[in-house]
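Per chain, numbering begins at 1; letters A, B, ... match sequence-line order.
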Number of protein chains: 2
Amino acid sequence: MDKIIAIQGVQGSFHHLVAQEYYHKEVEVLECMSFAELTKSLVTGVAKEGVMAIENSIAGSILPNYALIDENNLKVVGEHYIPIDMNFMAMPGQKIENIKKVYSHPMALLQCKEFFKKYPHIKLIEDADTAEVARRISEKGSTKVAAVASKAAARLFGLDILAESIHTKKSNATRFLILSTKKKEPNGDKIDKASLKFELESKRGSLVSVLNILRDFNLDMTKIQSMPIIEFPWKYSFFIDVIFEDYIEFKKAMDILEVMTERLTILGTYKNSL
Amino acid sequence: MDKIIAIQGVQGSFHHLVAQEYYHKEVEVLECMSFAELTKSLVTGVAKEGVMAIENSIAGSILPNYALIDENNLKVVGEHYIPIDMNFMAMPGQKIENIKKVYSHPMALLQCKEFFKKYPHIKLIEDADTAEVARRISEKGSTKVAAVASKAAARLFGLDILAESIHTKKSNATRFLILSTKKKEPNGDKIDKASLKFELESKRGSLVSVLNILRDFNLDMTKIQSMPIIEFPWKYSFFIDVIFEDYIEFKKAMDILEVMTERLTILGTYKNSL
């Protein structure tokens, strides 16, 4: 039997699409209604691996998801990017003028902010998942309400698309992480990317010293983000992604960072998919 | 007459509290129901300055707000931090068990996620502003619904606090920017902090070279965040905050960064309030 993959949301969601592209079309998924539920299904072993959205070019990183990964000691074993395509859908026969409320994931609503400015009569309501709303509307045959979700969700639940590709940034993509409880080691598979977290005091130049080490060992940064640690003024957490050609050099750099930084965690090593 | 300050949300909101602390208790505010409306009131001159939330330790930066500042050519002229205190409130006489829905700002709901896990019967609904929900409940005398807002909002609108300080991270603070259409120059006022934005190709070490310049001119970074530019793979935007003692040294470093980076924008120079 195939392994079960945990996704956020239901079939037809963007997470489901990622699972199908990353594994295969017929992948067996476990539908989770929150990211917390998703991590729990991995920790308890109900699902073998999971798909979790981590950032996009409009909203930036979903920082609470980093906390979930860290607190549950999960490992990043892969990544996948999909272009975002948001569509406005309702029961067949409905018209935009008659729609009073639209339900979707907050991130999806944010991505379609410009579109909804033209329809101030429509109230935006946050929901747990894009496709789940589509399913609910379909099952109840609800009128005057709409969903913002993928074209796949409209097809799957028999809804009409009233306006397609309504997201603002047309070249917007979302990055998803593939998570597991076990870390991935380079046994034949190509491993050329890593996600790190560490803490540093903001002494002048302390971050520069760390970045100089990364450069010395030929690691290229593809992401850097600092987060203040409120309990300790002048102390920061850093989330950094690096790509590299030589895993041995990566390991050497990490040995040095272990000494130079505090609480270094390698969130995972995996294959770069950009 | 005093100048009018634009805030996001209504009186009793966290933005209102910041305006009172940053200016003075009797500050005249213009209530804006979105961040876009807030920036518009500045551009059209209806308000002289504005208060805008920019980041907190749970959700990270509110990146769409950086875009609003940038696109409208606004300048950061100050910053202010307030500890976040979220409270669960409803019409007098209501009990938690009878509450069916809670309305608040998405950021506020996120900060209280753990609390609401204990009450799965309460549906979380995203709204434009924390205090505006409190006002609406009060005006309509609505039962079975609750707001998540400040204690000031409960007092102002006569609601009962059913549970106080329900936010997860007890030492959480939110950072607000003070915005204007004109930049602040050091004329007597202490200026020791700046917010920058620039673009870089991710050639190995290009960011390190920039950070080395910052160090050479005695600028300390208090924030760094990279954002991929989807249209141009391998190109990134960086948002950086620096603090410094010598404004002349800061200017020299910016002259060099102007050459080393692309599209350097100094979003503002102001007084550090940490």
Problem - CG on A:N212 to CG on B:N212, rounded to 0.5 Å - result: 5.0 Å
Fill in the blank from the handout: Closest heavy-atom pair, A:K117 versus B:A36, reported as atoms and distance to 0.1 Å, is NZ-CB, 4.2 Å
Problem - Straight-line distance of B:S206 OG to A:M221 CE, nearest 0.5 Å - result: 8.0 Å
Handout entry: Trace of the side chain to side chain contact (heavy atoms under 4.5 Å, CB included) decision for A:S209 with B:R215
Key = CA-CA 10 Å; A:S209 307; B:R215 179 168 65 173; 3.8 Å; yes
Handout entry: Part of A:L214 within contact of chain B (heavy atom distance under 4.5 Å)
Key = neither
Handout entry: A:K118 atom NZ, neighbour heavy-atom count above 12 within 6.0 Å
Key = yes
Practice task
Using a cut-off of under 4.5 Å on heavy-atom pairs, state which of B:I125, B:L124, B:L211 scores highest against chain A.
Solution key: B:L211
Completion exercise
Cut-off 4.5 Å, heavy atoms of chain B, and the answer for A:A67 is neither
Handout entry: side chain to side chain contact (heavy atoms under 4.5 Å, CB included) between A:D127 and B:K123, worked out
Key = CA-CA 9 Å; A:D127 217 299; B:K123 194 170 162 58; 4.0 Å; yes
Handout entry: Criterion side chain to side chain contact (heavy atoms under 4.5 Å, CB included) on B:F238 and A:I224, from CA distance to verdict
Key = CA-CA 9 Å; B:F238 292 91; A:I224 177 168; 4.0 Å; yes
Problem - Value rounded to 0.5 Å, distance of CG in A:D220 from CG in B:L207 - result: 11.0 Å
